[in-house]
> 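Please read through the structure below; I'll follow up with questions.
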Amino acid sequence: RSLQFDGLTVQSVMSVVEPDALALDYTRAMMGFLLFNPQPRHIVMVGLGGGSLAKYCLSTLPGARFTAVEINPAVIALRDRFGIPPDDERFRVVCADGADYVRDCEEAPDVLLVDGFVAAGLPPRLGSADFYADCCRALTPGGVLAVNHWAGDSRYAVYAARLRDAFDGRVLAIGAEDGDNRISFAVSGPSFPPSRGQVLGRSAALAELHSFDVTDITQRVLAR
């Protein structure tokens, strides 16, 4: 089942047989944040879409709470079609502008996932210098930002430079295998990058717990 902006542009894909699985490679790549913060307590995601990342995190990270921020109420209205669970003590969906939410949030998340797109591409506010600076301020010390960018965007290099500036260069980007998506990881604090040994140790532990190919994501990270 797919959620589309129009007849050509796919926003999200769900397997009706395995609704909690990560069907698109870019979503699996975004889970690479676990190599930098393996046990987050609170995850905030900008852009709900079909809820793939929300459902996967809720099913595999029992110690984490998850807040999804979606600006479009029509997307939220489709949550039942995509098996997105109702709000409870671990999960909630907030209808708001993600940039405003991050700027004003009072509880610092350990992980920020930014996957907010419109049909024309990345909304300008989600690629602004102010937004990336707000992300850095919002995160807990050592917190991780994972951003889904489209490398085909003519302003991708500008967005990447703004992200590096906001996080003082503590940024690493990997490509997704099934499209022009590039996933950037940025860490708020001096403990970046982790050593190769740390990454490999975390990868081995994570591979025991997750259904996607953690080793493949790890090799992409280490190559960068």
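The first residue in the sequence is number 1, and the count goes up from there.
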> Ala54: what forms a side chain to side chain contact (heavy atoms under 4.5 Å, CB included) with it, not counting sequence neighbours?
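Residues passing side chain to side chain contact (heavy atoms under 4.5 Å, CB included) with Ala54: Met45, Phe66, Phe91.
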> If you define the side chain from C-beta out and look only at heavy atoms, does anything of Val44 sit under 4.5 Å from His42?
yes
> Evaluate Ile174 against Arg182 for side chain to side chain contact (heavy atoms under 4.5 Å, CB included), listing each step before the verdict.
CA-CA 6 Å; Ile174 63 174; Arg182 288 191 66 78; 5.9 Å; no
> Between Arg90 (side chain) and Leu58 (backbone), is there a donor-acceptor pair under 3.5 Å?
yes
> Would you check if Thr218 and Leu35 make a side-chain contact, meaning some heavy-atom pair closer than 4.5 Å?
yes
> Identify the two heavy atoms, one from Ser184 and one from Leu163, that lie closest to each other, and give their separation to 0.1 Å.
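In this case the closest contact between Ser184 and Leu163 is CB-CD2, 3.5 Å.
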> Considering only heavy atoms from C-beta outward, does the side chain of Thr60 approach that of Lys55 to under 4.5 Å?
no
> Establish whether Val214 and Met31 are linked, either directly or via other cluster members, by ILVMFWY side-chain heavy-atom contacts under 4.5 Å.
yes
> Quick check for you: to the nearest 0.5 Å, what is the distance between Ile217 atom CD1 and Leu206 atom CG?
11.5 Å
> Please check if Ile183 and Leu24 belong to a single hydrophobic cluster, counting links between Ile, Leu, Val, Met, Phe, Trp and Tyr side chain heavy atoms closer than 4.5 Å.
yes
> What residue pairs, at least two apart or across chains, pass salt bridge (Lys or Arg N to Asp or Glu O under 4.0 Å) with a residue in residues 192-216?
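Matches after skipping sequence neighbours: Asp216-Arg220.
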> Under a single-linkage definition using a 4.5 Å side-chain heavy-atom cutoff for Ile, Leu, Val, Met, Phe, Trp and Tyr, are Leu145 and Tyr156 assigned to the same hydrophobic cluster?
no
> Give the minimum heavy-atom separation between Val187 and Phe167, together with the two atoms involved.
O-CD2, 3.5 Å
> Shortest non-hydrogen contact from Cys95 to Ile76?
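Looking at all heavy atoms of both residues, the closest pair is CB-CD1, 3.7 Å.
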> With side chains defined as the heavy atoms from C-beta onward, is the minimum distance between Pro109 and Val102 less than 4.5 Å?
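SC-SC contact between Pro109 and Val102 ruled out.
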> Tell me whether Arg79 is salt-bridged to Asp87, with the criterion being a basic N under 4.0 Å from an acidic carboxylate O.
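Salt bridge present between Arg79 and Asp87.
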> Decide yes or no for Leu48 and Ile84: does some side-chain heavy atom of the first lie under 4.5 Å from some side-chain heavy atom of the second?
yes
> Determine, stepwise, if the pair Asp100 / Arg103 fulfils salt bridge (charged side-chain N to carboxylate O under 4.0 Å, His left out).
CA-CA 5 Å; Asp100 290 341; Arg103 182 195 63 206; 3.4 Å; yes
> Quiz question: by atom type and distance under 3.5 Å, do the side chains of Tyr26 and Asp115 form a donor-acceptor pair?
yes
> Go through Thr67 and Ile43 one step at a time and tell me if the side chain to side chain contact (heavy atoms under 4.5 Å, CB included) criterion holds.
CA-CA 6 Å; Thr67 302; Ile43 302 169; over 6 Å; no
> Taking 4.0 angstrom as the limit, do Glu107 and Arg65 come out as a salt bridge?
yes
> For Tyr132 and Leu126, indicate whether the former's side chain and the latter's backbone hold a donor-acceptor pair under 3.5 Å.
yes
> With a 4.5 Å limit on heavy-atom distance, are the side chains of Ser211 and Tyr56 in contact?
yes
> Search all heavy atoms of Ala186 against all heavy atoms of Val171 and return the closest pair with its distance.
CB-CG2, 3.9 Å
> Quick one: does Phe212's side chain get under 4.5 Å of Thr27's, heavy atoms only?
no
> Look at the rings of Tyr159 and His149 and say which category their plane angle falls in: under 30° parallel, 30 to 60° tilted, over 60° perpendicular.
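Rings of Tyr159 and His149: parallel, as their planes differ by under 30°.
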> To the nearest 0.5 Å, what is the distance between CG (Asp153) and CG (Asp180)?
11.0 Å
> Strictly distance-based, threshold 3.5 Å: is any side-chain N or O of Arg28 a donor or acceptor partner for the main-chain N or O of Leu22?
yes
> Please check: side-chain N/O of Arg125 versus main-chain N/O of Phe131, any donor-acceptor pairing under 3.5 Å?
no
> Roughly how far, to the nearest 0.5 Å, is the OG atom of Ser203 from the CG atom of Leu222?
8.0 Å
> When the ring centroid of Phe33 is compared with that of Phe185, is the distance short of 6.0 Å?
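Centroid distance Phe33-Phe185: not below 6.0 Å, so no.
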> Is the side chain of Asp97 donor-acceptor paired with the backbone N or O of Ile71 at a distance under 3.5 Å, no angle test?
no
> Taking all heavy atoms of Gly49 and all of Glu70, pick out the closest pair and write down the distance.
N-OE1, 3.7 Å
> Can you name the nearest heavy-atom pair linking Ser188 to Leu139, along with the distance?
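That would be OG-CB, 3.6 Å.
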> Would a distance-only check, ignoring hydrogens and angles, find a side-chain to backbone donor-acceptor pair under 3.5 Å from Asn37 to Val144?
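Between the backbone of Val144 and the side chain of Asn37 there is no qualifying donor-acceptor contact (under 3.5 Å).
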> For Asn148 and Asn181, which I'm curious about, is there any donor-acceptor pair between the side chains at under 3.5 Å?
yes
